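Computed from a predicted model, the values in this text were never measured in an experiment. Numbers restart at 1 for each chain; the letters A, B, ... are given by sequence-line order, proteins then strands.
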Amino acid sequence: MHDTDFSRNITFKLWVQSNFLIYYFLQDKAMERTKINVVLKLEKTPGDIFIKGWIRTKRNAKEFSFMEINDGSCLNNIQVVANNDLANYADIEKLTTGSSAEISGQLIESPGKGQKWEIQATQIDIISVAPDDYPLQKKRHSDEFLRTIAHLRPRTNKYGAVFRIRSEMAYAVHKFYKKKGFRYLTAPLITGSDCEGAGEMFRVTSLDPKSVKKQGKMDFTQDFFGQETNLTVSGQLSGEMFALALGDVYTFGPTFRAENSNTSRHVAEFWMLEPEMAFCDLSGNMDHGEELVKTLTQHALKECQDDMNLFSNFVDKSLPKLFDTILNSDFIRLTYTEAIDILQKAKTKFDYKVEYGIDLQSEHERYLAEKHFKRPVFLTDYPKQIKPFYMRMNDDGKTVAAVDLLVPRIGELIGGSQREERLNVLESRMDEMKLPKKDYWWYLDSRRFGSVPHSGFGMGFERFLMMITGIKNIRDVIPFPRTPGSIDF
RNA sequence: UCCCCAGUAGCUCAGUUUGGCAGAGCAAUUGGCUGUUAACCAAUGGGUCCGCGGUUCAAGUCCGUGCUGGGGAGCCA
């Protein structure tokens with residue numbers, strides 16, 4: 001009797017427990033958060049829905065309130081309807097722009113115009129209320145103002161879109177190279193060679209500034225690496241070494257320039273993509289650059305439709321035309337010498353006189369890409385005097401196998417060359433330019449041991465983003481821009 | 001670094017030419033109204049006119065200087 005009671009009791013307990021677990025499990029499943037980009041794409045309603053996000057705007061009525069919720073997963077908000085029979089309606093009514101909340105309710109077809117779905121809320125839990133000094137309002141802000149609140153600007157439509165596209169483009173770079181059989185090389189950011197290229201470099205040191213001041217000078221032999229050290233201005237030399245081992249490689253990472261340049265196209269820290277290809281000449285280099293630009297552009301249009309449309313509609317209405325040109329026409333290829341000829345015959349008056357041997361000015365580059373050809377232009381074979389030592393000498397003895405890609409509105413998007421693979425030619429070039437060969441012993445080694453023709457270039461990631469978004473200032477396509485006199489955030 | 005432009009309410013800007021009470025829209029606060037959607041209507045609060053110096057009876061306004069921001073140039077990606 002007692003035994004039976006006992007066993008009944010246990011059975012009952014187990015029954016209750018298992019049912020509770022099932023109930024709890026179902027509850028948990030029902031409470032799983034759905035991101036808004038997924039919600040908005042639903043074909044039919046799942047009934048219950050649970051979201052979390054930030055309130056972009058709220059419109060109160062007497063008996064209910066409309067809220068637009070954004071969770072950063074996509075450009076669009078979802079409209080939430082909160083009736084005044086919700087327990088905490090008094091608090092909900094006071095929710096401000098920028099506040100955060102989690103909302104469960106029914107996903108229903110919206111009776112109003114402007115959206116397919118809306119959520120009829122059954123419960124709204126307020127996570128945090130933004131005070132009334134929240135700087136972002138539900139109106140357009142200037143880019144200059146938003147730069148002063150760079151920590152909050154990704155919460156706006158435009159900057160949310162920029163940085164979703166930026167993320168997608170970084171993925172597209174790796175996808176492109178994976179498909180082409182390239183290896184990803186993470187080149188060092190700290191470098192000991194101070195002649196990597198032109199331009200001021202940032203010094204890296206572990207010396208204590210106070211003791212340096214006491215001694216009156218920096219003793220680099222006492223420094224961490226025992227010599228003068230800087231942040232990299234390019235991963236190219238590393239790239240060349242690995243291209244001559246793995247075949248086709250690319251680097252994609254941050255690059256640093258300490259130039260005091262105050263323009264809308266320069267930042268001190270930026271991201272550069274640098275492919276380097278063994279057994280590749282200048283023509284193959286251009287083929288590759290063109291394919292890269294086309295593939296990335298195509299990817300953005302396909303994978304970031306809503307975000308890309310924002311820029312075509314509100315930032316630069318000529319973008320669709322540019323995309324058509326990029327995707328459906330061959331890029332122009334012409335030599336520096338031919339370009340000089342075109343510029344000299346141009347009716348446009350230039351501030352700087354055009355003659356063979358000059359480095360092309362912005363106005364000249366813009367004329368070629370924007371006025372004369374109206375599409376991307378590869379310019380090749382520059383006079384050796386205006387290019388670095390590592391570019392391959394052409395047979396004419398006057399020009400080198402350099403290539404720049406000029407695009408409308410941006411200017412130089414890509415800069416590269418076929419590299420000088422002939423040891424004797426490379427050495428005499430270095431002598432001409434008075435470079436210390438002993439510092440480059442390892443670079444020269446690559447030409448001594450199984451040297452092969454190879455080529456590569458650098459593409460400014462931010463400049464590419466400027467091109468496809470129409471954004472005019474490079475500070476607005478990088479999360480926290482570093483420029484002379486400005487390192488906030 | 002050089003040239004040009006700007007700095008006025010939380011934001012966007014008028015007022016500066018010809019010196020004479022500090023303004024508008026949006027935002028905020030309060031109330032009203034409405035399946036609204038940059039909602040709407042009304043009321044209220046809100047100022048180091050970028051800083052410093054000068055001219056003047058009087059300076060947001062004129063002059064000098066500094067700072068900050070923007071555009072362009074150079075350099076480059």
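Of the residues in residues 160-171 of chain A, not one comes within less than 4.0 Å of RNA chain B through any heavy atom. If you check residues 263-270 of chain A against RNA chain B, the residues with a heavy atom closer than 4.0 Å are A:T263, A:S264, A:R265, A:H266, A:V267, A:F270, listed by number. Listed in residue order, the members of residues 347-371 of chain A having a heavy atom less than 4.0 Å from RNA chain B are A:Y352, A:D359, A:Q361, A:S362, A:R366.
Looking at the side chain of A:K138, the nearest of the listed nucleotides B:rG35, B:rA39, B:rG69 is B:rA39.
Every residue two or more places apart in sequence or in another chain was checked for a side-chain hydrogen bond (donor to acceptor under 3.5 Å, both in side chains) with A:H141, and none qualifies. Every residue two or more places apart in sequence or in another chain was checked for a side-chain hydrogen bond (donor to acceptor under 3.5 Å, both in side chains) with A:Y367, and none qualifies. In terms of the side chain to side chain contact (heavy atoms under 4.5 Å, CB included) criterion, residue partners of A:S99 (sequence neighbours excluded) are, by chain and number, A:I55, A:L95, A:T96, A:V129, A:A130. Listed by chain and number, the residues in a side-chain hydrogen bond (donor to acceptor under 3.5 Å, both in side chains) with A:Y250 are A:H174 (sequence neighbours excluded). Applying the side-chain hydrogen bond (donor to acceptor under 3.5 Å, both in side chains) rule to A:E240 yields the partners A:Q236, A:Y443, A:R447, A:H454; only residues at least two apart in sequence or on another chain are considered. The salt bridge (Lys or Arg N to Asp or Glu O under 4.0 Å) search around A:K317 returns none, not counting sequence neighbours.
Sorted by first then second residue, the salt bridge (Lys or Arg N to Asp or Glu O under 4.0 Å) pairs that include residues 473-488 of chain A, not counting sequence neighbours, are A:R147-A:D476, A:R153-A:D476.
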Write down the protein N/O and nucleotide N/O pairs, taken from nucleotides 46-52 of chain B, whose separation is under 3.5 Å; answer none if there are no such pairs.
none

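Counting any heavy atom pair closer than 4.0 Å across all strands shown, A:G112 reaches a base atom. Here A:E118 lies in heavy-atom contact (under 4.0 Å) with a base.
Both distances falling under 3.5 Å, in either a Watson-Crick or a G-U wobble arrangement, place B:rC52 opposite B:rG64. Across all strands shown, B:rU1 is found opposite B:rA73 as a Watson-Crick or G-U wobble partner, with both distances under 3.5 Å.
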Quick one, give me the B/S/- string for nucleotides 10-15 of chain B, reading 5' to 3', where B means a protein heavy atom under 4.0 Å from the base and S means that only happens at the primed atoms, P, OP1 or OP2. BBS---
